[in-house]
Number of protein chains: 2
Amino acid sequence: MSPTPGLSALDPHSASLAERTIVTLRKAVLAGVLVPGRLYSVYQVAEDLGISRSPVREALLRLAETGMVRFERNRGFRVVPPAPHDIAEIFSIRLALEVPAVRRATLHASADERAALRRRYEAMEAAAHSGDEPAFEEHDQELHALLIDIDGNARAGRIVANLRDATRLAGASTVESDRSLQEVLIDHLPIVEAFEAADAEAAASSMERHLETTGRLLLRRALRRHGSTEDESSIWDRLAGRP
Amino acid sequence: MSPTPGLSALDPHSASLAERTIVTLRKAVLAGVLVPGRLYSVYQVAEDLGISRSPVREALLRLAETGMVRFERNRGFRVVPPAPHDIAEIFSIRLALEVPAVRRATLHASADERAALRRRYEAMEAAAHSGDEPAFEEHDQELHALLIDIDGNARAGRIVANLRDATRLAGASTVESDRSLQEVLIDHLPIVEAFEAADAEAAASSMERHLETTGRLLLRRALRRHGSTEDESSIWDRLAGRP
DNA sequence: CCCTAACATGTAACATGCTACTCATGACCG
DNA sequence: CGGTCATGAGTAGCATGTTACATGTTAGGG
């Protein structure tokens, strides 16, 4: 059969409804439409979205696995902001995965990949200058994702993406109160520079520093929000310490 | 379609039905009741188990997330044995997570926890001596789980458990062909000894050695099964290398 | 004989029905 | 007045109905 160039596909076959619902619900949570702590029902959400309960339940189950949401049998479900301990767990794992990933990625990156990372960083930069925080967060996420992609470990990529999701609630709208976008931006710069210079060790240690400062910051916030008097460093060192 | 003999009876009577179905299906896969490659349907499995499609679908979706199973829209689902690349991915992640976890666990373990680990090892030992491979595998899994438990990172524990599951297919019934239970057992001994001696560095490096030898072994097997001529070390180093 | 397309079959994905449970409320009793 | 218990509303979890689609089969045209 003769191929028909230019007629490849009408969009990547629209994902399943459940899949799209995950995205929708994530946005709703981040936008504050779904308030942490309040009790919701699958019933109600399905009606609001104009779809049936099945895909909604499926989406929520997925989000429940990341810890973003918790089901209460015969009661409903809640959006749960991550507790301090969760933050520490998450960043401990991210440190373990992303630091070696960046080291390997730096060693094996192609010219195209270097250019792609640079473009991501410049997108972050632009978003920072125009003060577009949602876009900034988006590009931040994708920069991290790209590095893991280059490393070639798709599973690790999915794990890290899920972990990031779970922490979004702890950071999102309060980023600017503690740290300007500029500060977060320059936190990433050494990673990108070391990556481009093919200095794997420098890239790895830059990533380590970046994740540690970000993690500790979010941990402090979570402790404050919880009204806990516990010490940040003791929790951090216990779970994410690297002696 | 043909029935699936040997697939019946939901084991424990607790938790949700979907949860129990996950366990049942995992066992069915490991026992070879659900054959890799063959096309099954939710409909059929539900009937064999004497329950409805909902919990079965939910369970399969969970297993699909770990990569143990793959859905094909409007076709059915398959059990997929891990490809060589998957094995390398999985062990790369396990190395990243378990090595630091053991290091921290060793530093912070209580006397009770030391005793518990010792008991696990002795259980492995007993299973090895009596040649009970399923029990051996079980205790092996639980020894690793216990170490992560002691580290206190529940998320990491779940991640590693899922990864282990995904590789079970690659190892399971063929352990003895390449390696005796005794060999696997003594592979664990230095970890336990270092743990008891509170020598964190030794425990970490023993774990690293253990995971590397096991991972490489399973990788070789997967390559052979795939009829691939690719080099074990090039794949391994690319994904799990630690320069 | 090859190619095409209508058709039949079987399925995941989605929609809807049903049930046992949780919990708030308030009447009733000590 | 405080505590117990019926009761009713509302839900997750499970069961079942429905739909759109991917694929194997086969009839029909060249």
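Below, chains carry the letters A, B, ... as their sequence lines are ordered, and counting in each starts from 1.
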A.B. asks: Please give, in whole Å, the distance from C/dT19 P to B/Leu17 CG?
C.D. replies: 17 Å
A.B. asks: With respect to the phosphate group of D/dG13, does any side-chain polar atom (N or O) of A/Arg57 fall under 4.0 Å of OP1 or OP2?
C.D. replies: yes
A.B. asks: Contacts to DNA chain D from residues 34-43 of chain A, heavy-atom cutoff under 4.0 Å, which residues?
C.D. replies: A/Tyr40, A/Ser41, A/Val42
A.B. asks: What I'd like to find out is whether the side chain of B/Arg164 reaches to under 4.5 Å of the side chain of B/Asp140, using heavy atoms alone.
C.D. replies: yes
A.B. asks: OP1, OP2 of D/dA15 versus side-chain N and O of B/Ser52: anything below 4.0 Å?
C.D. replies: yes
A.B. asks: Is A/Ser54 side chain donor-acceptor paired with the C/dA13 base, going by distance under 3.5 Å alone?
C.D. replies: no
A.B. asks: So do A/Phe136 and A/Met124 actually touch side chain to side chain, heavy atoms under 4.5 Å?
C.D. replies: yes
A.B. asks: Rounded to the nearest 0.5 Å, how far apart are CD1 of B/Ile235 and CG of B/Leu219?
C.D. replies: 5.5 Å
A.B. asks: Using the test salt bridge (Lys or Arg N to Asp or Glu O under 4.0 Å), find all partners of A/Glu113 that sit at least two apart in sequence or belong to another chain.
C.D. replies: none
A.B. asks: Mind checking side chain to side chain contact (heavy atoms under 4.5 Å, CB included) for A/Ala154 and listing every partner two or more places apart, or none if nothing turns up?
C.D. replies: A/Arg158, B/Glu89
A.B. asks: How many Å lie between CD on B/Glu47 and P on D/dC14, as a whole number?
C.D. replies: 19 Å
A.B. asks: Assign each of B/Arg53 and B/Glu58 to its nearest nucleotide of DNA chain D by heavy atoms, then name whichever residue's nucleotide is nearer the 5' end.
C.D. replies: B/Glu58
A.B. asks: Identify, residue by residue, the members of residues 65-78 of chain A with a heavy atom below 4.0 Å from DNA chain D, and return them in order of residue number, or none.
C.D. replies: A/Phe71, A/Glu72, A/Arg73, A/Asn74, A/Arg75, A/Gly76, A/Phe77
A.B. asks: Measuring from atom CD of B/Gln141 to atom CZ of B/Arg120, what distance do you get when rounded to the nearest 0.5 angstrom?
C.D. replies: 10.5 Å
A.B. asks: May I have the distance from A/Glu19 (atom CD) to C/dA13 (atom P), rounded to whole angstrom?
C.D. replies: 10 Å
A.B. asks: Distance-only criterion, 3.5 Å: show the donor-acceptor pairs between side-chain atoms of residues 30-49 of chain A and protein atoms not counting sequence neighbours.
C.D. replies:
from    : atom 1 : to      : atom 2 : distance (Å)
A/Tyr40 : OH     : A/Val35 : N      : 2.9
A/Ser41 : OG     : A/Gln44 : N      : 3.0

A.B. asks: Do the non-hydrogen side-chain atoms of A/Arg53 and A/Arg57 ever get within less than 4.5 Å of each other?
C.D. replies: no
A.B. asks: Could you work out, with side chain to side chain contact (heavy atoms under 4.5 Å, CB included) as the rule, every residue matching B/Pro100, not counting sequence neighbours?
C.D. replies: B/Arg103, B/Arg104
A.B. asks: For A/Ala46, report the nucleic acid contact type (base, sugar-phosphate, nothing); a contact means any heavy atom under 4.0 Å.
C.D. replies: nothing
